[in-house]
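Reviewing the structure listed below.
So that the names make sense, note that chain A is the first sequence line, chain B the second, and so on, each numbered from 1.
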Number of protein chains: 2
Amino acid sequence: MKYSYQYPHPSVTVDCVVFTVQNNFLKLMLIQRGAEPFIGEWALPGGFVRIDESIESAASRELKEETGIENIYLEQLYTFGKVDRDPRERVISVAYYALVSSEEQIIAADTDAASAKWFPVDELPRLAFDHKYIIETAYRRLQGKLSYQPIGFELLPPKFALSQLQSLYEIILNKKLDKRNFRKKIQKTGLLADTNETQKGVSHRAAKLYTFNKEKYDILAKNGYYFEI
Amino acid sequence: MKYSYQYPHPSVTVDCVVFTVQNNFLKLMLIQRGAEPFIGEWALPGGFVRIDESIESAASRELKEETGIENIYLEQLYTFGKVDRDPRERVISVAYYALVSSEEQIIAADTDAASAKWFPVDELPRLAFDHKYIIETAYRRLQGKLSYQPIGFELLPPKFALSQLQSLYEIILNKKLDKRNFRKKIQKTGLLADTNETQKGVSHRAAKLYTFNKEKYDILAKNGYYFEI
DNA sequence: ACAAAAGTGTTTGTTGTACACCCATGC
DNA sequence: GCATGGGTGTACAACAAACACTTTTGT
């Protein structure tokens with residue numbers, strides 16, 4: 001008990017809602033708790049913010065430590081601070097949401113594979129703390145942002161077919177989209193660059209692959225451009 | 001030094017960016033610091049989150065204590081947690097933004113009037129900590145939300161004229177809007193209720209006064225309706 | 001009667017929506 | 001040659017944008 005203060009201080013943690021799209025399902029990663037409280041229950045990856053790291057660094061670090069995932073899209077979601085959200089002590093949690101490409105979904109080898117798992121958002125187990133509520137908030141935010149920020153690409157491999165992109169939108173927004181209109185709209189942004197490649201190993205006509213031109217988007221965005229789909 | 005922990009804990013504060021519209025300017029409230037660090041400089045109202053109150057309660061409480069303002073629109077903005085944002089110790093700040101009607105702008109009598117003041121957003125003094133950055137974030141958020149959430153009404157008295165509402169949009173978005181198109185659009189939402197009153201004491205044709213039908217909006221919003229202006 | 005702001009419609013261009021068939025490829 | 005998804009255009013409706021004059025009221 002080396003650290004003393006004149007007034008009580010809360011603990012500050014980060015919790016990460018990591019989304020991916022896998023086999024036509026939107027999924028998120030949970031880990032099984034190995035310690036009290038809520039031992040054995042599923043929870044979001046996360047942990048304490050250290051005194052010498054920024055909150056975002058803490059989120060990246062915990063993600064890497066607990067799931068092996070690194071270098072992904074990570075954005076602050078909301079800060080949850082109800083007095084009794086942790087039964088032990090006062091804990092304020094800064095939640096982040098993260099997006100992982102379907103290619104990098106593999107939980108790294110240095111992780112206890114039994115304890116980290118992808119769950120479809122509609123088939124979540126019982127969750128520790130207020131994590132159910134955090135996930136609902138993250139899901140709503142993802143749905144909202146998808147339509148007016150180019151974040152869908154973060155969930156795809158660097159080279160992707162238009163049908164993959166459309167399917168991703170349909171899965172997350174939970175509604176069918178018109179193929180021709182979707183293509184028209186996304187092409188009209190001018191943000192997709194044609195690679196001269198096509199899909200490999202499919203048993204039908206191979207689709208053209210595109211990449212998202214992030215540099216072009218960043219320049220446009222700086223000048224007031226608004227992505228919308 | 002009665003409170004001891006095994007690991008160092010950060011302090012958690014709230015900071016509030018309180019907006020109002022006054023004399024055709026978007027303004028926000030600052031208080032002059034009476035203590036170190038940054039003594040004498042201007043800063044956002046705010047303070048420490050107590051161990052037994054939620055973060056939002058802390059924001060309301062500090063606002064009332066420091067500025068006399070209460071019962072206003074208050075929404076979490078972002079959590080700022082760079083390691084060195086406070087020169088004394090590690091402080092994580094959960095920022096809120098608040099909207100005050102132009103009628104309630106008066107800084108309450110129980111406040112040291114010399115120390116709290118409204119500043120136009122484009123004429124801010126030098127600010128303590130990273131408060132300049134927090135304000136920029138809040139301003140961008142306000143501009144963004146104004147177009148797709150009915151928050152403009154929070155900055156007006158309960159009964160208002162359409163020209164007041166338009167002027168508010170023009171001031172915050174910083175661009176001229178077409179009067180006829182604006183009126184058409186806002187009337188078509190069906191969310192304004194006609195009071196049978198008109199402006200008093202104006203030296204020209206008196207405008208009709210309307211109220212915003214929040215109940216109706218809440219019901220529509222629950223069923224997927226999206227406000228847009 | 002004049003100053004000041006309130007109030008009101010129409011036209012034109014742009015964007016969204018609905019919709020069905022041929023094409024390329026692997027087996 | 002057939003099954004599978006890839007790729008394409010047009011017509012119609014809805015919405016956004018541009019634009020100017022009359023009305024009401026107080027002084």
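Rounding to whole angstrom units, NZ of residue A/K200 and P of C/dA24 are separated by 16 Å. Look at NZ on B/K188: it is 12 Å from P on D/dA17, rounded to the nearest Å. One atom, CD of B/Q166, and another, C1' of C/dA5, lie 12 Å apart when rounded to the nearest Å. Here the P atom of nucleotide D/dA18 and the NZ atom of B/K175 are 11 Å apart, to the nearest Å.
Contact check on B/E136 versus B/R140 returns no salt bridge, with no Lys/Arg side-chain nitrogen under 4.0 Å from an Asp/Glu carboxylate oxygen.
In this structure A/T189 satisfies the side-chain hydrogen bond (donor to acceptor under 3.5 Å, both in side chains) test with no other residue, sequence neighbours excluded. Considering only residues two or more places apart in sequence or on other chains, A/K179 meets the salt bridge (Lys or Arg N to Asp or Glu O under 4.0 Å) condition with none of them.
Place A/S203 and A/K185 on DNA chain C by their nearest nucleotides, and A/K185 ends up nearer the 5' end. Nearest-nucleotide positions on DNA chain D for B/V202 and B/E228 put B/E228 closer to the 5' end.
Sequence neighbours left out, not one pair with a member in residues 183-196 of chain A passes salt bridge (Lys or Arg N to Asp or Glu O under 4.0 Å). The stretch residues 131-181 of chain A participates, sequence neighbours left out, in these ring-ring contact (aromatic ring centres under 6.0 Å, His included) pairs: A/F80-A/Y133, A/F129-A/H131, A/F153-A/F160, A/F153-A/F212, A/Y169-A/F182.
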Checklist outcome for this item: B/S/- along nucleotides 5-13 of chain D (protein heavy atoms under 4.0 Å) is BBBBBB---
Could you pull out every donor-acceptor pair under 3.5 Å between side chains of residues 217-226 of chain B and any protein atom, sequence neighbours left out?
residue : atom : partner : partner atom : Å
B/D218  : OD1  : B/K214  : NZ           : 3.2
B/D218  : OD2  : B/K214  : NZ           : 3.2
B/N223  : ND2  : B/I219  : O            : 3.1

